Amino acid sequence: MNELIAMAREFGNKLYYSIFRHRFDNTGLTKSKIMFSNVLLHIQPVKIHKRSVKFKTTMGLGLITFYLFLVLTLTGILLMFHYVPSTAIGPDGLPDAYSRMLNLRSNVFWGGFIRNMHRWAAHGMVAFVALHMLRVYLSGAHRGGREFNWVVGCILGLLTVFLSYTGYLLPWDQLAFWGVKVGTEIAKIAPGGAIIRGILLGDADVGGEALIRFYVLHVAVLPAVMGFLIAVHFFRIRKDGGLARPADTSKEKQIPDEEFGTVKNNSVFKAARSYKLVEIVKGKEPKVNEEVDQMMFAWPKLIVREVMVLLGLVAFLSLVSVFFDAPLEGPADPNHPTNPSKAPWYFLGLQELVSYHGFIGGIVIPGILAGGVMVLPYIEIFLESFSRTYRKNIPGVWFARERNLENALFICMYLFMLALIIIGVYFRGENWSIVYPWEHVAGGGH
Amino acid sequence: MSDKEKKGSSRRELITLGSAFGLMGLAAAATGGALFKYMFPVVSYGTPQKFLVPVADLPEVGDELIFEKQKVVLRRQTEKEVAAISLVCTHLGCTVNRVETGFQCPCHGSQYDSDGIVVGGPAPKTLHWLQVRKVPGGQIEIDTGTSLPDNTFFPVV
Amino acid sequence: MIKDYRVMLALALAGFVLLALSLARQMQPEWAKHQKAYYKQLDTADAVVEIKQVNVNAPQGGIVVDRCQSCHVGASNPDAQGFGQPIAAHPPIVPGLEKDPHDFGKMGCAVCHDGNGRALEKHDAHGEYHGWPHPLLAGKTAQANCNRCHAMESGTLAGAEVYEKGRELFLEKACWGCHTIAGISTTSQAPELTDAGGKFTFEYLEESIVEPSANIKNSKMPRFDWVHETETVEALATYLKGQQKNRLRSADSAPIGYQKPPSIEQRIASPSVDAGRALFAGVAYEGSISRGGCINCHAFRNGDGDLAGGQIGPELTWSLRARGRTYIKEHILNSRSHVADSIMPSFKDYNDAELESLVAYLSTFDYKADSDDGAKLYDTYCLSCHGENLDGKGAVSTMLDPLPRAFRYQFVESYETRFKESIRNGIKGTAMPMWKNVLDDKEIDALIAYIKERSLAGAPRHFTRLEAPLPRPGDPERVDFKGKGLELEAGDPARGGEAYQANCTACHGKLGNGKGPNAYLLEHPLPRNLLNKEFFNQPAVTDERLYQSILLGVPGTPMPAHDHLRDQTILDIIAFIRANTTEESVQ
């Protein structure tokens with residue numbers, strides 16, 4: 001009998017270790033193994049600085065953006081099962097793509113919910129990219145060797161907007177059609193914009209060709225590019241030494257020994273021992289500086305926090321998606337423009353600017369803003385190199401006093417865009433006249 | 001912190017963690033089930049699986065009515081009972097012809113008697129007998145997606 | 001760590017609950033509740049609750065998806081007659097048949113009732129959301145869609161009485177005079193309605209009939225006096241909603257289920273007063289397809305002086321005597337042959353018999369106000385255009401162009417001498433007719449006295465029109481002009497055109513048609529149409545009058561004085577206007 005139990009135990013052990021290769025005990029070794037033996041977790045370091053799990057360090061904004069990308073990918077794939085990018089008009093007078101939207105809302109079980117989720121997550125992602133960028137800049141995390149990652153991030157941000165914009169057309173309702181139409185009209189103003197517009201639309205105007213191109217861009221090209229750049233973005237964070245932080249001082253509280261766990265030599269790796277110091281660091285002595293003591297294991301604290309963010313996000317998205325339906329208006333009709341015709345909300349600032357002056361509002365100001373923001377860290381480096389008094393490389397510190405001017409300018413830029421968007425969304429009515437929000441009529445901007 | 005306290009706190013941790021992951025598992029299972037329903041067709045855009053026949057249009061007793069589009073023969077056995085037999089060959093799905101002796105498949109020569117029982121050829125099974133249901137409004141509904149044993153009759157009056 | 005785990009647990013719980021909520025809402029759709037209630041009421045035990053989808057095969061290929069009977073599950077079950085909505089049986093469509101030929105199991109609901117056949121929630125399914133082109137047509141208004149399957153260009157279809165009434169009204173109310181519907185009328189006066197049902201919602205059509213400017217701000221369509229009759233408007237809107245190009249039958253296919261009646265291709269062949277009366281009233285005359293409908297816009301008086309008819313165009317009681325037969329006939333065939341800006345439709349297809357019939361009918365009007373009293377005369381002959389207050393805002397004034405004269409005291413004092421001529425001979429190119437065949441001199445004098453008395457009463461001060469004789473070529477520039485005092489030469493149309501573009505277009509328009517951008521802001525009366533040949537070629541409109549009107553302005557109107565212009569420039573402009581309005585010039 002005992003023999004049988006032993007055999008069963010042996011089988012069980014072999015089975016278990018063939019999958020996990022580690023136990024879930026409280027030793028540093030195990031905590032390390034969990035991190036580096038799991039393909040999902042090994043993207044993160046075994047040990048992180050203890051401030052990395054603090055809410056105020058990142059507010060989870062970048063992570064939320066990434067999760068939104070995952071949610072969008074998942075729901076997007078599900079929606080593809082029920083969608084056709086076709087404008088062919090059926091005998092009921094409805095374009096195919098639009099009929100599919102109606103199906104999602106009616107006979108497809110959970111279809112409405114998944115579409116809501118996709119829609120709201122898409123809007124959320126644009127918003128969180130902006131917030132993430134604001135956080136990075138205000139905490140100086142774009143400096144200290146991370147300048148190029150900032151540029152990668154900016155490209156990711158533009159991709160996000162473009163992804164959202166290409167997806168906006170797919171329902172092929174009035175909102176989508178005229179929103180995209182207005183957006184492409186803005187593109188005409190730019191020098192060479194007409195060529196880009198032609199390549200995007202595949203026709204003289206928004207129509208069936210444009211729908212297929214937008215669809216392919218939306219479901220294949222842009223997500224692939226985005227996925228690659230996300231990998232670059234993450235990889236560089238690792239290689240740049242984790243989240244940006246200022247140098248530790250000896251005054252900071254050290255992590256108590258208990259956090260590192262005790263060694264219980266009961267693993268299959270009988271000879272293994274655990275050390276406090278499990279990584280190679282620069283320096284001449286084992287104890288290089290106090291920073292080592294500020295480090296902690298990523299498992300389980302970081303992972304738990306990350307799961308928490310995911311759960312919170314899914315809960316919030318579900319809440320919104322249960323109670324608020326994604327907008328769907330009548331089928332696209334090129335002969336009946338909506339009044340007002342508004343681009344999606346993240347382009348409404350641009351549309352507002354264009355309404356004042358086509359070239360200055362549509363090209364000069366957004367060009368300066370987008371281009372300027374992208375090379376912002378290099379402007380700072382340039383100033384540092386050529387001026388001895390400009391020394392403002394203070395990574396990882398919120399609202400560093402030395403950077404007050406830069407931060408104020410950046411915030412002003414955000415407020416400027418926000419104000420324009422709010423005016424565009426809520427204060428523009430028929431014929432683009434100024435109205436109060438409560439006099440507002442439906443017609444875009446969602 | 002005593003050992004006992006430590007043990008208690010770690011058990012509390014385990015229970016909390018366990019229930020959290022349990023809930024997540026439940027949610028994942030529910031999502032999986034919902035996605036199954038998300039993919040499963042509940043309507044048909046082609047010939048519907050079910051179709052209606054008004055009771056007034058039923059054939060005379062002992063007579064048959066053939067629905068070519070739906071590939072069904074409706075047989076009135078008695079005043080009160082009818083049966084519907086599928087005309088789809090159980091061999092490889094060709095449509096069988098109604099002949100004097102029963103049914104004959106033009107593709108590979110399967111032969112059935114008038115009850116759909118195989119009497120020759122490669123067909124492995126009896127022709128499907130279908131579910132017939134009375135629906136409100138003086139109509140019967142024939143469900144071509146069902147497969148019942150032979151000689152299953154349904155009351156229509 | 002326990003704190004983190006607890007937060008995680010709470011969040012997992014929240015996520016689970018919300019996920020479950022979303023599923024719960026999906027598990028109890030609206031249509032399932034209705035089906036359960038229906039089967040319960042019928043006591044059916046083994047019924048299956050499912051989406052009832054009808055795929056209607058369209059003749060042009062493809063299917064129309066119709067899921068309406070998922071909720072309206074009892075539509076074709078006579079046993080559900082007394083059930084409440086949405087599970088009640090549909091009432092019979094064709095009256096007097098034992099079994100209605102419409103099979104909802106094959107044709108669904110949305111084919112007739114519109115709405116959104118794919119949707120499964122009431123709000124969506126009835127098409128009550130923003131931008132849905134075909135919201136639900138409830139009740140009899142669904143007859144608009146009989147047209148989708150049945151050929152209804154002519155003849156009658158049992159059960160489509162509202163639609164049929166609408167078609168009759170479209171002819172009777174002379175809608176066809178301005179609007180084209182392929183196969184019924186050909187005119188280009190107003191928007192074509194061949195696909196009105198495809199383009200507009202029922203509500204929009206109804207609204208546009210009742211209040212034409214509700215959707216198109218500068219609509220010229222008159223507001224008819226019958227728009228308060230709800231049934232009339234609804235029938236017309238139903239008929240118009242039925243005009244759609246997207247049909248479930250091909251144009252040449254045989255009509256479903258009924259016989260086309262023999263064609264009635266007759267026109268009125270011999271003139272008669274009765275035929276004229278029918279034409280005037282817009283009703284069919286002895287089976288002919290000739291239609292009129294004058295009475296919808298024009299009124300007339302019977303022998304007792306009672307007014308009947310529409311208040312949109314001028315009253316026709318004296319028109320034949322005032323204008324003469326030739327003018328009337330030409331005006332019917334092409335209203336703009338005499339009045340440049342008339343909005344009256346051109347009935348260009350009328351044959352001689354039809355025109356003669358109308359003239360014969362008009363000649364039966366013989367009311368006359370037997371009185372010498374100016375007030376009585378004014379109320380009879382002038383009131384409908386010039387208005388109770390002599391302000392030119394009479395009941396029929398809004399659709400006239402140019403607008404009737406407002407008798408402001410400045411105008412009356414300035415142009416006293418012109419009055420009698422204008423009344424006697426009319427003003428060509430406008431709605432003002434010649435009254436010399438209707439009124440004698442005594443009556444005209446009484447009228448003038450009455451108008452003078454009323455418009456000058458309470459005038460704030462005495463008003464005298466300056467005199468300015470027309471300068472001739474060779475004369476020097478007038479003295480008050482601070483120019484070079486050159487010798488004048490004959491007006492040059494080319495120079496005049498340039499001067500016109502510089503000084504006159506804001507009101508009179510680039511084309512000179514009196515519709516400049518400022519014209520819409522001006523009060524009564526509107527700028528003169530400078531292309532109105534009839535007006536400019538009458539003897540009363542002399543060069544001197546034009547010169548004075550430009551130099552000194554026109555009292556009582558928004559036309560200001562232009563004494564900042566050189567005499568030469570004014571002569572050039574007059575030459576330009578004259579060149580545009582010679583009988584040969586092309587408009």
Side-chain angles (χ1 to χ4, degrees), chain B residues 1 5-6 8-38 40-57 69 131-143 145-146 154-155, chain C residues 1-20 22-24 26-27 29 35 38-39 41-48 50-55 57 62-67 70 73-81 83 87 89 99 103-106 118 120:
Chain B
M1 202 188 280
E5 273 173 8
K6 214 170 172 180
S9 91
S10 91
R11 191 162 72 214
R12 276 205 299 281
E13 271 185 23
L14 205 66
I15 290 169
T16 321
L17 199 61
S19 36
F21 274 96
L23 272 176
M24 283 185 238
L26 267 179
T31 307
L35 290 184
F36 176 79
K37 286 197 80 172
Y38 175 80
F40 192 80
V42 289
V43 295
S44 168
Y45 299 92
T47 309
Q49 192 187 308
K50 297 174 183 173
F51 68 100
L52 295 174
V53 184
V55 172
D57 293 355
K69 204 170 128 202
Q131 171 84 43
V132 180
R133 181 187 286 115
K134 267 198 296 178
V135 295
Q139 289 180 310
I140 58 169
E141 181 189 73
I142 300 167
D143 188 344
T146 50
F154 295 93
Chain C
M1 280 311 284
I2 182 84
K3 221 185 201 169
D4 279 19
Y5 292 154
R6 280 187 185 142
V7 174
M8 192 159 87
L9 178 63
L11 287 171
L13 194 67
F16 180 77
V17 167
L18 285 162
L19 213 62
S22 83
L23 289 173
Q26 287 283 313
M27 304 290 259
Q35 282 191 27
Y38 171 74
Y39 291 128
Q41 221 159 328
L42 280 173
D43 246 351
T44 315
D46 62 341
V48 186
E50 62 187 356
I51 296 172
K52 311 265 188 212
Q53 174 164 325
V54 177
N55 299 328
N57 289 308
I63 50 168
V64 177
V65 173
D66 190 300
R67 304 188 177 119
S70 302
V73 60
S76 47
N77 179 8
D79 297 343
Q81 208 74 65
F83 292 11
I87 54 176
K99 188 173 178 297
D103 180 357
F104 307 132
K106 287 207 177 73
R118 282 178 190 258
L120 284 169

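Reminder, nothing fancy here: chain letters follow the sequence lines and each chain counts from 1. Owing to the predicted nature of the structure, the values given are computational and were not obtained by experimental measurement.
At a threshold of 4.5 Å between non-hydrogen side-chain atoms, the residues C/Gln53 and B/Ser44 do not count as touching. Side-chain atoms of C/Val73 and C/Tyr39, non-hydrogen and from C-beta on, do get closer than 4.5 Å to each other.
Proximity to chain B (any heavy atom under 4.5 Å) is shown, for C/Ile2, by both the backbone and the side chain. Within the 4.5 angstrom heavy-atom criterion, no atom of B/Leu52 approaches chain C. Residue C/Ile63 touches chain B through its side chain alone, counting heavy-atom pairs closer than 4.5 Å. Heavy-atom distances place no part of C/Asp4 under 4.5 Å from chain B, backbone and side chain included. Proximity to chain B is limited to the side chain of C/Val48, based on heavy atoms less than 4.5 angstrom apart.
Residues meeting the side chain to side chain donor-acceptor pair (under 3.5 Å) test with B/Glu13, sequence neighbours left out: none. Under the side chain to side chain contact (heavy atoms under 4.5 Å, CB included) criterion, B/Leu17 pairs with B/Phe21, C/Tyr5, C/Met8, not counting sequence neighbours.
Note on B/Glu141, B/Lys134, B/Gln139, B/Lys50: by heavy-atom pairs under 4.5 Å with chain C, the leading option is B/Lys50. Between chain C and the residues B/Met24, B/Arg133, B/Lys37, the largest count of heavy-atom pairs under 4.5 Å involves B/Arg133.
Distance CG/C/Leu18 to CG/C/Leu23: 11.0 Å, rounded to 0.5 Å. Atom-to-atom distance recorded for C/Asp79:CG and C/Thr44:OG1 is 9.5 Å, nearest 0.5 angstrom.
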